[in-house]
Every structure is written in C-alpha cells, then in structure tokens.
2 protein chains.
Amino acid sequence: MQTIKDVAALAGVSDRTVSRVVNGEPNISSKTRARVEDAITRLNYIPNLAARMVRTNRSGVIGLITDVVSTTPNSVEIIRGVQDRVSQSNQSLLIANTSGASYEETRVWRTFQEHRIDGVLFATMYHHEIEFDPTVHNIPTVLVNCFASSADVPAVVPDDMNGGYAAARHAIDKGHARIAFITLNPLILAARLRREGFERAMAEAGLEVRHEWMLPGIEGAIGAERMRAFEVAKELLSTGPGERPTIILTGNDEIAMQCMFAAASLNLRVPEDIAIVGYDDFRMISERVVPPLTTVALPYYEIGSRAADRLFELLAGADNQPFIERLPCPLVQRGSA
Amino acid sequence: MQTIKDVAALAGVSDRTVSRVVNGEPNISSKTRARVEDAITRLNYIPNLAARMVRTNRSGVIGLITDVVSTTPNSVEIIRGVQDRVSQSNQSLLIANTSGASYEETRVWRTFQEHRIDGVLFATMYHHEIEFDPTVHNIPTVLVNCFASSADVPAVVPDDMNGGYAAARHAIDKGHARIAFITLNPLILAARLRREGFERAMAEAGLEVRHEWMLPGIEGAIGAERMRAFEVAKELLSTGPGERPTIILTGNDEIAMQCMFAAASLNLRVPEDIAIVGYDDFRMISERVVPPLTTVALPYYEIGSRAADRLFELLAGADNQPFIERLPCPLVQRGSA
DNA sequence: TTTTGAATTGACGACGTCGACAATTTGATG
DNA sequence: CATCAAATTGTCGACGTCGTCAATTCAAAA
C-alpha cells in the first residue's frame with residue numbers, strides 16, 4: 001500500500017507537505033497542491049488512519065452499544081439516525097451488541113477502549129432506567145432510549161407521557177367519551193408514562209377514567225410476557241353498542257392489531273363501530289392493517305440522530321448540563337380512528 | 001493513558017516482554033508473566049490498537065455496508081448474525097450505510113480503506129442481483145442477501161425457490177387442492193424464485209396452477225409500489241365455498257395479514273374456511289395476528305452469521321471457490337394453515 | 001564443575017503520520 | 001538592489017507497538 005512518502009517522492013516535495021495537502025491545511029501554494037493532488041490520484045494513495053491516530057491520539061470513531069437489538073425493529077431506526085449524523089461529521093461508527101449479558105458489556109467497553117473510541121452511544125431496546133456509572137469507563141457517553149437517574153449522564157428518550165396524552169387528546173377531540181386503554185405490560189416504564197399522559201388528558205377534559213376499561217394487553221414478568229390483547233379486547237367489546245367503549249387506545253401497534261382482529265371476530269367495523277389507536281408506528285403493521293392504523297409515532301430516527309448530535313457537542317467541549325432530553329411522540333392519523 | 005512502557009517500568013522488565021504477555025506469546029516464565037499481569041492490572045493498562053495496527057498492518061476490523069436498511073427489520077437480524085460471529089472471533093465491526101446512493105457507497109469504501117479494514121460484508125435489503133467488481137476496492141468481500149453474476153464473488157442468499165416449494169408442499173400435504181398464490185411484486189427476484197418453487201411443487205403433485213389464482217399483491221415500479229393484497233384477496237374469496245381456493249400462499253407476512261383482514265371482512269374463518277401461509281416470518285406480525293401465522297422463515301440471522309464465517313475463511317486464505325450459497329427457508333407452522 | 005542447547009529476555013528500529021520548529025522562498029517596500 | 005516580514009516548504013523526532021535478532025539465563029548432561 002502506498003504511503004505518504006511515495007506520494008512525496010513522486011510529487012517532488014517533502015512528506016510533510018503531502019500531509020498538509022491531505023489534511024487541507026492552509027498556506028500551500030496552489031501549484032504545489034496541484035502537483036501533490038496529482039501524485040495522490042496517480043498512486044491511488046489512501047491515508048492510514050491508524051498511523052494518524054497514533055500520532056494525534058484521536059480516533060474519529062464513535063461506538064454504539066446496543067442490548068438485545070433483535071426483537072424489535074426500532075433499533076434499526078436508531079442506528080440509522082446515528083449513522084447519518086456520524087457520517088455527516090466524517091466519523092466512523094463501531095457497533096457492538098451486549099445481548100443483555102453484563103460480561104459481554106464489559107468486553108465491549110474494553111474493546112472500545114482499545115480502539116480509543118472518541119465517544120459512546122449506549123442504546124437500549126426498551127425505554128427504561130439503567131444503572132450507569134460514567135466514571136467507570138471514562139469515555140464521553142450519551143444514553144439512548146434509557147437514562148440513569150443516579151448520575152448526571154446525558155440521555156435522549158421518547159416522551160411517552162406526551163404520547164399518551166396525544167392519543168387521548170385525539171380521541172377526545174374526535175368526540176369520543178367512552179374511551180378504553182389496553183396498555184403495555186404495567187411493569188414497563190413506558191406503560192406507566194403513557195397511562196399518566198392518558199389520565200392527564202382525560203382529567204383535563206373532565207372525563208372519568210373507568211377502571212374496567214383500563215387493562216393490560218401484555219402480562220407477566222419481563223422476558224416471559226404473554227400477549228393477551230385479543231382476549232382482552234374481545235371481552236371489552238362483547239357488550240351492547242350503548243355500553244362498550246367507542247374507541248380503544250393501545251400500548252403498541254401489535255396490541256392495536258389484535259384489537260382489530262377482535263373487532264372483526266365480533267363483526268364490528270373499524271372505525272365506525274369501534275375506533276382504534278396504536279402506539280409506536282411500526283409501519284410494517286400500521287400501514288398494512290386494514291384500515292391503516294392511527295397511531296402515535298415513536299421518533300426513533302430522531303432519537304438516534306439527536307443522541308449523536310449531543311455526543312458531538314459533548315466531544316466539542318460544550319458544557320451543556322447533563323440532562324434527559326425527551327422527544328415528542330407525534331400522532332399519525334390514518335384510517336382507524 | 002498508560003502505555004506498554006509504563007507497565008514495563010513498573011514490572012521491571014522490558015517493554016517487549018510486556019508485549020509478549022499481552023499477546024499471549026509462548027516462552028514467558030510464569031514468574032515474569034505474573035509480575036507483568038499484576039502491573040497491567042495496577043495501571044489499568046489497555047493496549048492501543050491503533051499502534052498495534054500501524055506495526056502489524058492488520059486492523060482486526062470488519063466492515064459492514066448496508067443499503068437502505070430502514071424500511072425492513074430484516075437487516076437487524078443480519079447485523080446480529082454478523083455481530084455475533086465478529087465478536088466471537090475477537091474482531092470489531094464498523095458499519096456504514098449507503099442509503100442506496102452510489103456516491104455514498106464510494107465514500108464508504110474509501111472510509112473502510114482508510115481504516116485498513118480486513119474484509120467487507122456488503123448487504124442489501126432485497127435479495128437481488130447487483131453489479132460488483134471486486135477488483136475496484138481490492139478488499140476481501142462477501143455479498144449478503146445479494147449476488148454478482150458477472151464476477152466470482154462469494155455470496156450468501158436465502159433459497160427463495162426452496163421456500164416457495166416448502167410453502168406449496170405444506171399446502172399439498174395438508175390436503176389442499178385449490179391453492180392460490182398472492183405474490184410479491186413480480187419485478188422482484190424473490191417473487192420469481194418463490195413462484196418457481198411453488199410451481200415445481202404443484203407440478204410434482206400433479207396439480208394445475210390456475211392463472212386467475214396467481215396474482216401479485218404488490219404492484220408498481222420499485223420504490224413506488226402499491227400494496228393491493230387486501231383487494232386482491234377479497235376479490236379472490238368473494239366466490240362460493242366450492243369455487244374459491246381453500247388456501248392462499250403469500251409473498252410475505254404483510255400480504256398474509258391483509259388476506260386475513262380480507263377473510264374477516266367476508267366472515268370467513270382462518271384456517272377453517274380459508275387457510276393462509278405467509279413468508280418471511282416477521283415475528284412482529286406472524287406471532288401477533290390471530291390466529292398466528294404459518295409462514296416460511298427467511299433465515300436472516302443465519303445469513304449474517306454464515307456470511308461472516310465465509311469472510312473469515314476467505315481472510316484465513318481458504319481457497320474455497322467463490323460461489324453463491326443459498327440457505328434454506330424453513331416453514332414455521334402456527335395456526336393459520 | 002563445565003558444557004551445551006533451549007528457554008527466556010532485551011535492545012533497537014520501523015510502521016505511517018503529524019507537531020514543533022527551522023529553513024527557504026516570495027514579494028512588497030524603501 | 002537591499003531589506004524584511006509573510007508565506008511556503010522542509011527536517012526531525014515522537015506517537016505505541018511489535019518484528020528481528022542478539023544477549024542472557026537456565027537446566028540437564030557430561
């Protein structure tokens with residue numbers, strides 16, 4: 001492989017001059033620059049980042065740590081958001097997956113340290129609180145889709161409360177008064193936050209939250225959940241037209257989809273007989289069910305890109321106070337409500 | 001940051017000896033090794049990969065290039081498959097996304113070359129043929145979910161023909177004779193391959209492939225597709241019980257889901273009145289629809305891990321002939337057929 | 001105890017790049 | 001034409017690691 005010296009020899013200048021051209025430093029005569037650039041092209045010279053790194057002690061690489069990425073597709077959007085920003089700022093992205101195992105996590109951090117990574121994005125699949133001690137690794141870190149309350153670590157998360165509020169608001173604005181909510185597993189933080197938002201909107205509108213219409217669609221310990229939305233929805237809808245809810249808000253699009261199947265099994269039309277609102281906006285579901293789903297979008301792409309931006313700010317030395325940033329979850333209206 | 005020399009000083013040996021311990025080289029007395037390891041721990045020494053890289057000219061980093069990752073979640077599984085293998089073999093994974101733009105692709109390859117990447121995995125979202133000239137970049141490459149017929153480049157793809165065959169076989173084995181197939185966009189390679197497999201199974205069973213039961217569920221130019229599965233399925237099922245198909249095979253799980261909605265809108269029960277088979281096994285859909293979907297699984301995780309394995313073989317100098325490896329698509333039986 | 005071959009350890013320099021600073025060239029001014 | 005500051009280019013060495021090869025230590029055999 002060609003080195004900077006080969007280029008220098010061909011261009012008839014010193015290697016240092018080539019270095020200057022490559023790095024776009026000022027004070028190079030245009031004549032010299034042209035000759036060097038020509039030599040670079042002719043030799044197809046490509047700088048050796050490792051060597052530069054040894055010298056400058058900065059890697060230009062960002063690390064992304066994810067836990068169990070696999071089961072939900074959200075992560076792709078997060079990765080894409082990060083990726084776009086990273087490449088815009090001419091850095092590279094090293095990714096690693098812990099599979100949720102803590103010894104893996106140790107290994108991953110170690111690898112990142114060996115690479116002298118400039119900064120780390122630590123992303124989780126679920127929006128939840130984690131334990132994180134920034135002093136252990138000593139690499140600038142931004143948490144993504146999770147947060148640490150015990151220490152001041154920058155974090156970017158979705159505003160689930162806001163999303164729950166948006167869903168309820170939509171129902172109320174559409175004139176619904178009999179509103180049910182089939183939630184995520186109550187053990188999950190997002191479930192609690194979304195319900196809070198829901199309850200706030202209901203309270204603001206002077207509507208009563210009926211206990212028997214507020215039901216978990218997913219139950220069981222984390223890692224051993226059972227999806228019960230279909231049964232729950234069917235039960236909920238098996239009463240007379242004047243008794244049952246006119247709209248069901250749900251904890252995610254999968255639950256919403258099961259509600260649609262429950263409605264269909266009872267010969268109820270969506271949205272005429274029963275309106276349904278999802279959450280997450282997994283487009284594979286929300287755009288494909290019939291009718292398409294009105295749902296609250298989780299801004300995963302934005303979470304990823306914003307997290308990357310904040311990491312760059314951090315690296316640039318911006319002394320913005322560490323804080324948790326919540327991105328809004330906008331309602332996407334389609335046909336189901 | 002501590003260097004190998006700091007460790008050497010503390011342990012009272014030469015830096016070269018520390019290097020030997022770090023790299024697990026033989027012929028170190030256990031006494032010396034212990035002293036060095038102790039010093040490493042005490043100083044929390046972490047080797048500088050960049051420096052090692054300059055010296056050895058090997059990076060220990062694999063690059064993954066993806067095109068438009070975003071729209072389907074498959075890619076996550078591919079990434080996970082790759083990731084698992086890469087970390088098992090103690091390497092690192094650099095990922096980059098071209099967004100399908102060719103100038104981005106150029107930039108990405110360039111970045112990888114700057115990093116002196118050991119090898120590249122080039123993954124596409126759709127299973128399709130690409131143009132790829134391995135001599136341009138001169139980095140060992142394995143194609144993932146795509147292949148180049150113009151040159152001998154190793155590739156790992158799903159065996160779509162086999163999957164179409166498996167779906168048809170399942171239908172036939174279950175005693176169905178009136179079998180419909182709502183396909184992917186016929187412009188897509190996978191659509192053609194799956195149909196071929198379907199037709200082969202039908203021919204083997206002596207069953208006639210009825211033209212009017214072989215319909216595209218997705219139409220339009222690539223990038224501007226329209227999903228028409230619901231209408232197509234509804235039309236297909238709007239005939240008398242003795243006339244209509246008893247099972248619908250589909251091009252993917254989204255189409256299958258729309259078929260289920262079509263069936264529901266006609267008050268047909270799945271699978272009693274009409275059985276439905278999906279393709280892809282997007283578990284977010286296949287496990288959540290009611291009843292859960294019998295479907296053909298795309299082995300994305302295996303594609304990723306196998307591709308990584310083949311790349312490592314390539315790097316190890318195995319002169320296995322470049323060839324296209326097709327991984328089987330097994331049928332996953334659930335409730336819908 | 002000496003010999004000897006193997007095992008262990010160390011000295012030195014090179015990898016490709018860039019920072020620090022010195023040397024040279026340039027061009028405007030008197 | 002001499003002067004001088006600014007612009008441009010070059011020299012040298014260091015970054016942290018490991019390959020090469022030489023030096024030293026060790027242990028068993030003579």
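Convention: sequence-line order gives letters A, B, ...; per-chain numbering from 1.
- When the nucleotides D:dT17, C:dT9, C:dG19 are ranked by their closest atom to the side chain of A:Arg16, C:dG19 comes out on top.
- Taking every side-chain heavy atom of B:Lys5 into account, D:dT17 is the closest of C:dA7, D:dA7, D:dT17.
- At the heavy-atom level, A:Val13 lies under 4.0 Å from the strands shown only through sugar-phosphate atoms.
- Across all strands, B:Pro26 comes closer than 4.0 Å to no nucleic acid atom at all (heavy-atom distances).
- Residue A:Asn48 has no polar side-chain atom (N or O) positioned under 4.0 Å from OP1 or OP2 of C:dG16.
- Taking the nucleotide of DNA chain C with the nearest heavy atom to each of B:Lys31 and B:Val54, the more 5' of the two is matched to B:Lys31.
- In this structure, B:Asn23 reaches the D:dC18 phosphate: one of its side-chain N or O atoms is under 4.0 Å from OP1 or OP2.
- Between A:His137 and A:Trp109, the angle of the ring planes stays under 30°, which puts this pair in the parallel group of the 30/60° scheme.
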Worksheet entry | A:Leu189/A:Glu129 under side-chain contact (heavy atoms from CB on, under 4.5 Å): CA gap, chis, key distance, verdict | CA-CA 8 Å; A:Leu189 173 66; A:Glu129 180 173 354; 5.6 Å; no
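- A salt bridge links A:Glu77 with A:Arg80: the closest approach of a Lys/Arg side-chain nitrogen to an acidic carboxylate oxygen falls below 4.0 angstrom.
- An OP1 or OP2 oxygen of C:dT9 is reached within less than 4.0 angstrom by a side-chain nitrogen or oxygen of B:Ser29.
- With D:dT17, C:dG16, D:dT9 as the candidates, the nucleotide lying closest to the side chain of A:Arg20 is D:dT9.
- Proximity note for A:Arg55 (side chain, C-beta onward) versus D:dG16, C:dT17, C:dT8: the nearest is C:dT17.
- Closest to the B:Thr3 side chain, of the nucleotides D:dA7, D:dG16, C:dC18, is D:dG16.
- For B:Ser14, whose side chain is taken as the heavy atoms from C-beta onward, the closest listed nucleotide among C:dC18, D:dT17, C:dG10 is C:dG10.
- Backbone-only engagement by B:Arg52 is indicated by non-hydrogen atom pairs under 4.0 Å involving sugar-phosphate atoms exclusively.
- Comment: B:Arg306 engages B:Glu313 in a salt bridge, judged by a side-chain N to carboxylate O separation of less than 4.0 angstrom.
- For A:Glu114 and D:dG16, the CD to P distance is 16 Å, given to the nearest whole Å.
- Heavy atoms of B:Asp15 sit under 4.0 angstrom from at least one base atom.
- In terms of phosphate contacts, B:Ser19 brings a side-chain nitrogen or oxygen within less than 4.0 Å of OP1 or OP2 of D:dC18.
- Contact between the side-chain N/O atoms of A:Thr17 and the OP1/OP2 oxygens of D:dG10 is found at a separation under 4.0 Å.
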Discussion item. The test is side chain to side chain donor-acceptor pair (under 3.5 Å); show your working for B:Asp118 and B:Ser59 and say whether it passes.
Written reply: CA-CA 6 Å; B:Asp118 291 335; B:Ser59 66; 3.3 Å; yes
